[in-house]
Engineer: 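Okay, here's the structure, questions in a sec.
Numbering of residues begins at 1 and proceeds along the displayed sequence. Both backbone and side-chain heavy atoms feed into the values below; hydrogens, waters and symmetry mates do not.
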Amino acid sequence: MKRTVAYLGPAGTFTHEATRAFFPEDDVELVEYPSIPDVLDAVDAGQCHYGVVPVENAIEGSVVLTLDWLIHQVDVLIVGELVYPIAQCLLVHPFQAGRSPEEWTRVISHPQAVAQCRLYLREHLPGAEVSFAESTAEAARQVKSRPDEAWVAIGTRTAGELYGLHVLEEDVQDHPNNFTRFIAVGKEPLPKRNRDPELHKTSILVTLPSDYPGALHQVLSAFAWRQLNLCRIESRPTKKGLGSYHFFIDVEKDWDPVLMAGAVAEIEVLGCHVRRLGSFPCYRVSQGAKPIVR
């Protein structure tokens with residue numbers, strides 16, 4: 001039986017490319033969903049074995065919708081992480097490919113993609129109106145459907161190939177080291193991979209009993225004296241009032257019954273609530289790697 005993997009679609013997005021890199025096997029069926037909540041809900045309800053969603057971008061920061069849905073709406077585990085290079089392209093209809101920069105009238109893309117190219121657009125396409133689409137692939141579809149318009153989509157080279165568009169310019173993001181961190185979620189661990197992960201992480205959610213001087217310091221000290229490296233700490237509102245937060249903490253260590261379990265036990269003695277979000281392998285795709293798309 002094929003394993004089903006939900007992803008934030010449609011085909012031609014960076015999430016689609018990252019999902020194929022996460023699950024390159026032939027016995028996997030990819031199922032596209034229109035939103036991050038839909039992906040996470042599908043896994044939580046057992047409609048798909050796994051799901052892949054973005055959680056952080058190097059330029060624009062965290063994807064708070066992913067974080068909040070994991071906290072408040074679903075009970076799934078993070079089972080894998082993939083850092084994927086993001087190379088934004090300008091895509092135009094072949095009929096319009098000969099235009100000069102000042103002739104383009106509209107730029108269409110997902111808000112995140114536009115934000116990643118803000119400086120480039122100001123310099124090179126200052127006269128173009130910016131419109132938002134549900135995804136970079138949807139932007140490419142809109143440009144394809146209007147061959148008579150001087151429109152530009154920002155998206156993946158893959159989307160350009162799928163919709164028969166001309167790549168006007170590559171790597172138009174404002175910063176060269178543009179990566180997005182994707183997570184795979186599920187109810188059980190990922191199958192064995194053919195390659196070794198770069199490292200293992202454990203992700204936990206800590207909720208303080210109350211806000212008092214040194215509260216967060218005490219939590220972090222439980223990891224510090226055990227020499228456990230924290231690679232990410234982020235707060236999100238509990239939605240119970242101002243000044244009340246959950247803390248996402250990523251530790252560069254797989255789960256073990258001594259160090260990690262001891263740190264969590266120490267935190268719980270302080271009165272904190274700790275939810276284990278998962279222990280998982282972490283992978284990375286290098287810049288310039290060819291996308292796996294089928």
Side-chain angles (χ1 to χ4, degrees), residues 1-56 63 66-67 69-71 73-86 156 158 179-205 231-232 248-257 259-261 264 275-287 289-294:
M1 183 181 70
K2 282 191 174 184
R3 289 168 294 143
T4 53
V5 181
Y7 74 97
L8 178 62
T13 62
F14 286 107
T15 306
H16 178 229
E17 291 184 359
T19 304
R20 278 267 47 127
F22 241 136
F23 297 92
E25 303 88 353
D26 292 331
D27 63 343
V28 171
E29 178 185 356
L30 303 190
V31 184
E32 67 179 57
Y33 284 85
S35 71
I36 288 171
D38 289 331
V39 171
L40 297 175
D41 286 345
V43 178
D44 189 43
Q47 297 168 2
C48 291
H49 295 94
Y50 300 103
V52 175
V53 291
V55 71
E56 183 182 13
V63 182
T66 298
L67 301 181
W69 216 260
L70 286 173
I71 296 172
Q73 303 298 330
V74 295
D75 183 18
V76 296
L77 292 173
I78 302 172
V79 297
E81 175 185 295
L82 179 72
V83 176
Y84 194 83
I86 304 299
T156 66
T158 301
F179 288 85
T180 291
R181 189 160 60 93
F182 293 89
I183 55 172
V185 300
K187 297 294 183 77
E188 56 187 46
L190 289 175
K192 291 287 186 180
R193 314 267 91 172
N194 290 328
R195 61 190 178 107
D196 294 330
E198 290 201 351
L199 55 91
H200 282 82
K201 290 182 184 178
T202 294
S203 185
I204 61 175
L205 186 72
C231 53
R232 174 169 163 262
F248 279 92
I249 299 177
D250 283 354
V251 189
E252 288 186 348
K253 181 80 169 67
D254 55 359
W255 186 264
D256 75 293
L259 290 176
M260 283 300 303
V264 167
R275 175 182 165 192
R276 182 177 165 188
L277 297 174
S279 295
F280 47 89
C282 304
Y283 302 91
R284 188 181 186 94
V285 175
S286 60
Q287 283 184 320
K290 188 176 180 180
I292 303 171
V293 179
R294 293 197 291 271

Engineer: Picking from V285, T180, I183, what satisfies side-chain contact (heavy atoms from CB on, under 4.5 Å) with L82?
Structural biologist: V285
Engineer: Output the distance between atom CZ (R276) and atom CG (L77), rounded to the nearest 0.5 Å.
Structural biologist: 8.0 Å
Engineer: Keeping T19 on the side-chain end and T15 on the backbone end, is there a donor-acceptor pair under 3.5 Å?
Structural biologist: yes
Engineer: Between L277 and F248, is there a side-chain heavy-atom distance shorter than 4.5 Å?
Structural biologist: yes
Engineer: Any side-chain heavy-atom pair from V76 and L70 closer than 4.5 angstrom?
Structural biologist: yes
Engineer: Hey, is the main chain of G12 close enough, under 3.5 Å, to the side chain of T156 for a donor-acceptor pair?
Structural biologist: yes
Engineer: Strictly distance-based, threshold 3.5 Å: is any side-chain N or O of S203 a donor or acceptor partner for the main-chain N or O of G278?
Structural biologist: no
Engineer: Between P191 and R3, which heavy-atom pair has the shortest distance, and what is it?
Structural biologist: CG-NH1, 2.9 Å
Engineer: Contact between Y33 and C48 at the side-chain level, heavy atoms closer than 4.5 Å - yes or no?
Structural biologist: yes
Engineer: Can you see which heavy atom on S35 is nearest to which on D38, and at what distance?
Structural biologist: OG-OD2, 2.9 Å
Engineer: Less than 4.5 Å apart, side chain to side chain, heavy atoms only: is that true for I36 and V63?
Structural biologist: yes
Engineer: Check the pair F22 / L190 against side-chain contact (heavy atoms from CB on, under 4.5 Å), numbers first and verdict last.
Structural biologist: CA-CA 10 Å; F22 241 136; L190 289 175; 4.2 Å; yes
Engineer: Could you measure the distance from the CD1 atom of I204 to the CD1 atom of I78? Nearest 0.5 Å is fine.
Structural biologist: 11.5 Å
Engineer: Identify the heavy atoms of A21 and Y84 that sit nearest to each other, and give their distance.
Structural biologist: CB-CE1, 4.3 Å
Engineer: Return the CD to CZ distance between E17 and F182, rounded to the nearest 0.5 Å.
Structural biologist: 8.5 Å
Engineer: Mind checking the CG-NZ spacing from L30 to K2? Nearest 0.5 Å is all I need.
Structural biologist: 9.0 Å
Engineer: Output the distance between atom CD (E56) and atom CG (L67), rounded to the nearest 0.5 Å.
Structural biologist: 8.5 Å
Engineer: Can you name the salt bridge (charged side-chain N to carboxylate O under 4.0 Å, His left out) partners of R284, sequence neighbours left out?
Structural biologist: none
Engineer: V5 versus H49: any side-chain heavy-atom pair under 4.5 Å?
Structural biologist: no
Engineer: What distance separates S279 OG from K201 NZ, expressed to the nearest 0.5 Å?
Structural biologist: 12.0 Å
Engineer: Of the non-hydrogen atoms in R275 and V74, which two are nearest, and what is the gap between them?
Structural biologist: NH2-O, 3.2 Å
Engineer: For a 4.5 angstrom cut-off between non-hydrogen side-chain atoms, does Y283 reach E81?
Structural biologist: no
Engineer: With side chains defined as the heavy atoms from C-beta onward, is the minimum distance between P37 and Q73 less than 4.5 Å?
Structural biologist: no
Engineer: Return yes if some donor-acceptor pair links the side-chain N/O of T202 with the main-chain N/O of V251 below 3.5 Å, else return no.
Structural biologist: no
Engineer: Do L40 and V185 touch side chain to side chain, with heavy atoms closer than 4.5 Å?
Structural biologist: yes
Engineer: Dump the intermediate steps for ring-ring contact (aromatic ring centres under 6.0 Å, His included) on Y50 and F23, then the final yes or no.
Structural biologist: CA-CA 10 Å; Y50 300 103; F23 297 92; 5.5 Å; yes
Engineer: Holding to salt bridge (charged side-chain N to carboxylate O under 4.0 Å, His left out), I want the full list of residues that pass it with R232, two or more places apart in sequence or in another chain.
Structural biologist: E234, D250
Engineer: At their closest point, which heavy atom of A11 faces which heavy atom of E32, and how far apart are they?
Structural biologist: N-OE1, 3.6 Å
Engineer: Taking all non-hydrogen atoms of both residues, which atom of D44 and which atom of K187 are closest, and how far apart?
Structural biologist: O-NZ, 3.3 Å
